[in-house]
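What's counted below: heavy atoms across the whole structure, side chains too, no hydrogens, waters or symmetry copies. Since we're looking at a predicted model, the values are computed, not measured. Residue numbering restarts at 1 for every chain, and letters A, B, ... go by the order of the sequence lines.
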Amino acid sequence: MPDRPVSARPPLSSAGRARARRALTLVPVVLVCAFLLLPLLVVALSSFNAANNFRFPPSGLSLRWYAEVFGSAQWLDALGYSLRLAVLVVPVVVVLGTLGGYAVGAGNFPGRRALGLLFLSPMAVPGVMVGLALLYQLQRTGLVGSAQGLWLAHLVVTFPFCVRVVAVSAAALDPALPRAARSLGASPLRTFLTVTVPLMRPGIVAGAFLGAVISLGEVAVSVLVAGAGEATVPVRIYSAVQVQLEPTVAAVSTLLLLVSVVTIAVLDRTIHVSRFL
Amino acid sequence: MAATRTGSRSRSRDLRGHVAAIVPTAFVVVAFLLPLIGLLLLSLRPTDTMNNVLPGFTGAQYAEVFGTSYLWGSVVESLWLAVRVSLTCLVLAFPLAWYLARSTSSVGKSLVFVITLSPLLTSEVVRSFGWRVVMSGEGPVNVTLQALGLVDESLPLLRSPWTVFLAVVHVLLPFAVLALSASLGAIDNRLLQASADLGAGALRTFRSVVLPLATPGIVAAAVIVFSLSMGVYVTPLLVGGANQSLAGLRIQTEAMVAFDQPRAAALSFVLLAVTLAVCGLVGLAGRLAERGRRA
Amino acid sequence: MTATQGRVEIRGLSVGYGGEPVLELDELTIEAGEFLSVLGPSGCGKSTLLSVLAGFVTPTTGTVLIDGEDVTDVAPNRRETGLVFQSYALFPHMTVRRNLEYGLRTRRVAKAERDERVRDALRLVDLADFADRYPQQLSGGQQQRVAIARALVTRPRVLLLDEPLSNLDAKLRRQMRHELRELQREVGTTTVFVTHDQAEALALSDRVALLAHGDLEQLGTPEELYRTPRTRFAADFVGAANLLPVHDGDGGPTVLGRPVRLAGSGFAGATVALRPEHVRVVEADGDAAPATVLSVGFAGERYEYRLRTEDGTELLASPADGGRRFAEDEPVGLTWADDALLPLGAA
């Protein structure tokens, strides 16, 4: 008993003290969250600014910049292009990512770990380098500035994320289930399609959403690979921001932001995406 | 019937996943590995005065990279930025990761999780644009400082290297949080209770229980953040402009402005080599630290 | 009911993954309609044997024949074996009905017949009302029965059971043991039942194959394994046994200093097994082997004793004839009927 300093404390306020300490540990959490949110909130707020500037706080609120975006052929073209690209990228990367994530997460063959590193490597190489390598390759095959080139670039960028989330799902698979399907007469392909894929669905859905969001926001590689004709929304923002700060950019950015927020909310509700990242 | 099978090993027909791996492997090889090898070959090509690529092999581009302070200096600058960014991210990520891994409030956890992920799923250009607005002459930071009477006229924050630093930290912080929370979540709660029960204070528990067990997560977070910040170029360009000595920016400038692709290629491979070397050292240090503790 | 198919023959089988073989079986034939238990401790190769029969592992050498057809190289989905997993491996994303239909759909059984067979199978395992539930909504015992029904509905030539009772609690396990036996009698499918529980193996089987370290230790009916174990391992693993050395006394062989009559001759250095339930604990007297009670426990119908004899040998006894309870440290005498001593091989 004497070696326990507990008795020396005033017994009265111990509960209050514990609460105070818990509140104190929340302070850094709140501060860091504020840091993460600050630029995003500022973008959203300034998009409703009535004046043609970025003065804080805004002098009035209006939707004029959104009206301007939806009245601009350039922005509408970019939005349409970005969406079309995402629609072409997502199904392909989901198939690739599902196969790859399954192989890496539930596979049982020599070289599985090395393969996992290979699949994730596009994430580890700087975007500017991936872009440069693809640009050079596309130049040599005459595809530079083509839609196929940008499509390929987006597949390369989104693939590792897709693989990762599917691999988490695949690793949680009970290996007895595909075996049960085989012993019930299913071929390997049938087993994969009727048992393995349905059981990996949360990871596959998460991969699809991640792929869509990343494709919609990708810029580092796209800037190098994209030709003059096909500017995605982020590429147009990239060019616009270098010239001067336009409030229309804030409006477009807020639209992109909205897509991300909705995506995260949907993911967290439906499949508890926190398990996958 | 006699035994007709021969061979020294029994094959397990349960060899799973190797067929599924074929298509994605082919994709990564064709769409990523081969272009990267093409880039490596390009970095070894000589060029004429008009930056046209000539046949043959030369190490001249690499000699140029190491011999020009404009190029090699940018790698050093990137290294310095990446070190600061990694350390800052680790420190800032810890409270969030701890909260995500340990909090009992599911609402709070969901909220922190969404906030953590929101920058990750937001385009880099949007975030950079946000920092431009935040740090601009009439932006919230300057307005606040002036309102508090701390400064008389707005500060040129956008030209400060600290703004770029903050923006890069902001871009990469979510990666650190996710990597850390995975390993913090794996720590058995009973270990913390045991430590407290044995009379250790919070700080001591943190140092002698949490930190050692979190080492793999810390190493993973450091490696991810470091390697991503080494090549970062969009955020610095949009926030701080093109006149910064950072390797990612130089690569982009060499390739897209000076049209010297072989030199850009050589610089990018030097950058990659330095990045991989540092990541290897960090990983080794982490493993040694773990082994040393176990011995 | 007599089965006309499902005779399994294993010849010259050897399975190994690079290093030491994990399973070697010269010859094992399972008759059509037979219920064979494969019994052994963990790591004895019994699960490997099941994987070989189901087709998930190709042996290094040897052949597996089902009804005379060599299936050694036949893929698992073409073997027509029904496998029931320890974890049941019910598809969580399908209802009970869909689980049962799975094997019929792969065989392209027409819908009308499919419905009928699923209905029959569910009735067989008493789960007719649970067809539209998901596996997670069933109890452990119900999941177990679904797993068996799913395997049986395809009318496999051989039913393979991998420790199917080990995830159930003790009471349910005992009940399922009987149900399983009755079910097998009813459908008459050749059944291979892998278990580490000797009581299960003895209670269920026509024959038991005892495996140890990848080798067949003994093959026989439950009675044979219990009454005439051939090795120390068999004696000890199937039922408990006290292993006692035989000494050469003046007037013949002795065990624990008591003269015994054993068939045959030359017992010096031999070992006999004496089951605890065949040891009689009596008041200390000249004729019985003297011993001291180390501990005593009450086990319902009988007492269980741990005893130490004068020469330091420790043994277990749970005499059938109730008698009085001897206290700890009390000197007692031990006797037995000579035919309770089971002579073991040299192993």
Could you look at [X] and say if it's the side chain, the backbone, both or neither that has a heavy atom under 4.5 Å from chain B?
X	result
A:L135	side chain
A:R112	neither
A:L155	both
A:Q139	side chain
A:V261	neither
A:Y238	both
A:T196	neither
A:L115	side chain
A:L224	both
A:L36	both
A:A240	neither

With a 4.5 Å cut-off on heavy-atom pairs, point out which of [options] contacts chain A the most.
options	answer
B:S229, B:S227, B:P35, B:P95	B:P35
B:L96, B:L36, B:T235, B:I224	B:L96
B:I37, B:L34, B:V143, B:L42	B:L42
B:L238, B:V169, B:V177, B:T275	B:L238
B:G130, B:S110, B:A21, B:P24	B:P24

Over all heavy atoms of both residues, which pair between [X] and [Y] is shortest? Give the atoms and the distance, please.
X	Y	result
A:V223	B:Y233	CB-OH, 3.8 Å
B:E124	A:A220	OE1-CB, 4.4 Å
B:V112	A:V29	CG2-CG1, 4.1 Å

Sub-3.5 Å donor-acceptor pair from the side chain of B:S268 to the main-chain atoms of A:M129, do we have one?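 Such a contact is absent between B:S268 side chain and A:M129 backbone.
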With a 4.5 Å heavy-atom cut-off, do [X] and [Y] have their side chains touching?
X	Y	result
B:V126	A:T254	no
A:L256	B:T122	no
B:S118	A:L40	yes
B:T25	A:F119	yes
B:W131	A:V42	no
A:P126	B:L271	yes

What part of [X] gets closer than 4.5 Å to chain A, counting heavy atoms only: side chain, backbone, both or neither?
X	value
B:V114	both
B:L33	side chain
B:L228	side chain
B:L173	side chain
B:F269	both
B:L237	side chain
B:M256	side chain

Look up atom [atom1] in [X] and atom [atom2] in [Y], then write down how far apart they are to the nearest 0.5 Å.
X	Y	atom1	atom2	result
B:S43	A:L132	OG	CG	10.0 Å
B:F27	A:L152	CZ	CG	6.0 Å
A:F161	B:L121	CZ	CG	9.0 Å
A:S47	B:F129	OG	CZ	9.0 Å

Largest heavy-atom contact set with chain B, pairs under 4.5 Å, which of A:G97, A:P188, A:S121, A:G105: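 Max contact count across the listed options: A:S121.
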As a test of understanding, state which of A:V125, A:L134, A:V157 forms a side-chain contact (heavy atoms from CB on, under 4.5 Å) with B:F32.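 One option only clears the test, and that one is A:V125.
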Steps toward side-chain contact (heavy atoms from CB on, under 4.5 Å) verdict (B:V134, A:L38): CA-CA 8 Å; B:V134 169; A:L38 174 70; 4.0 Å; yes
Please state whether the rings of A:F35 and B:H170 are parallel, tilted or perpendicular, taking 30° and 60° as the class boundaries.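 A:F35 vs B:H170 ring planes: perpendicular.
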